[in-house]
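To keep things clear, I will list the structure first and then write my remarks on it.
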Number of protein chains: 2
Amino acid sequence: MNVTEATKYLENKGIKTTYQRAVIFSYLNNKKNHPTADMMLNDLGKKVPTLSRATIYNTMEFFREKGVVQVLNMDDGLRHYDADLSTHLHFHCNKCDTIYDMYTQLDTDKIDELKDFEVHNQFININGICKNCKKKEK
Amino acid sequence: MNVTEATKYLENKGIKTTYQRAVIFSYLNNKKNHPTADMMLNDLGKKVPTLSRATIYNTMEFFREKGVVQVLNMDDGLRHYDADLSTHLHFHCNKCDTIYDMYTQLDTDKIDELKDFEVHNQFININGICKNCKKKEK
DNA sequence: TTAAATGCAAATAATTTGCAGCATA
DNA sequence: TATGCTGCAAATTATTTGCATTTAA
């Protein structure tokens with residue numbers, strides 16, 4: 001999804017778009033790397049030199065309110081952002097720090113302890129060693 | 001578990017103990033409130049007025065290394081600490097901010113996508129509205 | 001033209017670090 | 001006594017905010 005496509009996508013959702021917003025959304029959607037604000041500034045700063053930290057934070061909060069990105073609190077204590085809103089879990093490799101998306105979720109309807117609770121979201125982080133790093137170990 | 005019992009518990013695990021460490025561990029173990037460093041300082045400061053933030057952070061890192069507490073990255077972006085090491089999930093009520101422990105977990109052995117991955121830990125956060133707050137709504 | 005978004009810089013908040021003094025083995 | 005812990009203060013890092021300027025409808 002390039003910048004033009006990102007603009008259309010956002011506008012179709014009734015979300016007011018600017019160049020910065022489209023660039024940021026396009027980046028998030030393409031890279032799927034669950035970046036922090038700092039990572040985004042580093043990468044996008046090459047393309048848009050005046051892009052500021054404040055705009056990234058503002059835009060992420062704006063996108064979150066609009067429901068087009070989710071915020072992940074990962075075990076580095078930092079906020080990571082994700083344009084994939086399907087319910088999925090994240091596997092963090094302790095060796096290479098890659099974050100893998102996996103499309104498994106808890107069936108909260110079937111959990112007794114959640115009876116009479118209203119569930120809005122679930123966030124699942126798993127960590128360990130990924131397939132690639134295990135291969136290299138040998 | 002009072003301070004004396006906490007001391008014994010930690011020493012049985014070969015962990016060097018001080019008064020501060022025992023007070024902190026006892027607090028965590030009793031209150032089961034998943035506090036942040038700041039919450040601990042507020043509560044424990046009444047009992048141990050000289051207790052410092054640095055000691056709390058140092059102690060939590062020390063306990064984590066020793067494997068007697070786990071760190072939870074909750075959706076407020078803060079680190080919360082938990083002396084309950086059994087694999088369990090956390091439900092955060094968006095109304096009253098209570099964190100509930102629930103003893104359900106993912107059976108990671110049964111997840112295809114995790115084949116050839118080595119799993120160390122899983123962290124599950126669910127949020128929504130708790131039973132009590134739903135009752136009050138009516 | 002006007003309301004809202006951006007970008008800079010300063011402010012705040014959480015966490016970490018350096019180091020002097022203190023406590024414990 | 002020696003090693004390592006504590007507590008203070010300063011430093012660092014992430015995030016937020018205030019405000020002047022720019023942008024887009």
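Residue numbers start from 1 in every chain, and the chains themselves are labelled A, B, ... in the order their sequence lines are given, proteins ahead of strands.
Axis deviation across the helix from dT1(C)-dA25(D) to dA25(C)-dT1(D) amounts to 40°, comparing end segments of five pairs, rounded to 10 degrees.
A salt bridge (charged side-chain N to carboxylate O under 4.0 Å, His left out) check over residues 71-83 of chain B, counting only residues at least two apart or in different chains, returns nothing. Counting only residues at least two apart or in different chains, salt bridge (charged side-chain N to carboxylate O under 4.0 Å, His left out) contacts with residues 56-67 of chain A comprise Glu61(A)-Arg64(A). Pairs engaging residues 31-52 of chain A under the ring-ring contact (aromatic ring centres under 6.0 Å, His included) rule: His34(A)-His90(A) [sequence neighbours left out]. Within the structure, ring-ring contact (aromatic ring centres under 6.0 Å, His included) contacts touching residues 44-63 of chain B (residues at least two apart or in different chains) are Phe25(B)-Phe63(B). Each salt bridge (charged side-chain N to carboxylate O under 4.0 Å, His left out) pair with one or both residues in residues 100-112 of chain A, not counting sequence neighbours, appears once here: Asp107(A)-Lys110(A).
Rounded to whole Å, the distance from CD on Glu61(A) to C1' on dA5(C) is 15 Å. Rounding to whole angstrom units, CD1 of residue Ile24(B) and C1' of dC5(D) are separated by 11 Å. dG7(C) atom P lies 13 Å from atom CE of Met40(A), rounded to whole Å. Atom CZ of Phe63(A) is separated from atom P of dA5(C) by 11 Å (rounded to the nearest Å). When the P atom of dT15(D) is taken as reference, atom CE of Met39(A) falls 12 Å away, rounded to whole Å. Note: CG (Leu41(A)) to P (dT6(C)) measures 14 Å, nearest angstrom.
Close to dG7(C), at under 4.0 Å from its OP1 or OP2, lies a side-chain N or O of Gln20(A).
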With B for base contact, S for sugar-phosphate-only contact and - for none (protein heavy atoms under 4.0 Å), nucleotides 8-25 of chain C reads B-----SBBB--------
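The number of heavy-atom neighbours closer than 6.0 Å to NZ of Lys131(B), taken from other residues, nucleotides and ligands shown, is 12 or below.
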Residues 38-48 of chain A side chain polar contacts: donor-acceptor under 3.5 Å, at least two apart:
residue: Asp38(A); atom: OD1; partner: Arg53(A); partner atom: NH2; Å: 2.3
residue: Asn42(A); atom: ND2; partner: Asp38(A); partner atom: O; Å: 3.4
residue: Asp43(A); atom: OD2; partner: Tyr27(A); partner atom: OH; Å: 2.5

Can I get a per-line list of side-chain donor-acceptor pairs under 3.5 Å for residues 5-12 of chain A, giving both atom names and the distance, sequence neighbours left out?
residue: Glu5(A); atom: OE1; partner: Asn2(A); partner atom: N; Å: 2.8
residue: Thr7(A); atom: OG1; partner: Val3(A); partner atom: O; Å: 2.9
residue: Tyr9(A); atom: OH; partner: Lys13(A); partner atom: NZ; Å: 3.4

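Clustering of Ile, Leu, Val, Met, Phe, Trp and Tyr side chains at separations under 4.5 Å places Met74(B) together with Leu72(B), Ile99(B), Phe123(B).
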All N/O pairs under 3.5 Å across the protein-nucleotides 19-21 of chain D interface:
none

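Distance check: Asn127(A) CG to Cys93(A) SG gives 9.5 Å after rounding to the nearest 0.5 Å.
Shown here are the side chain to side chain donor-acceptor pair (under 3.5 Å) partners of Asn121(B), two or more places apart in sequence or in another chain: there are none.
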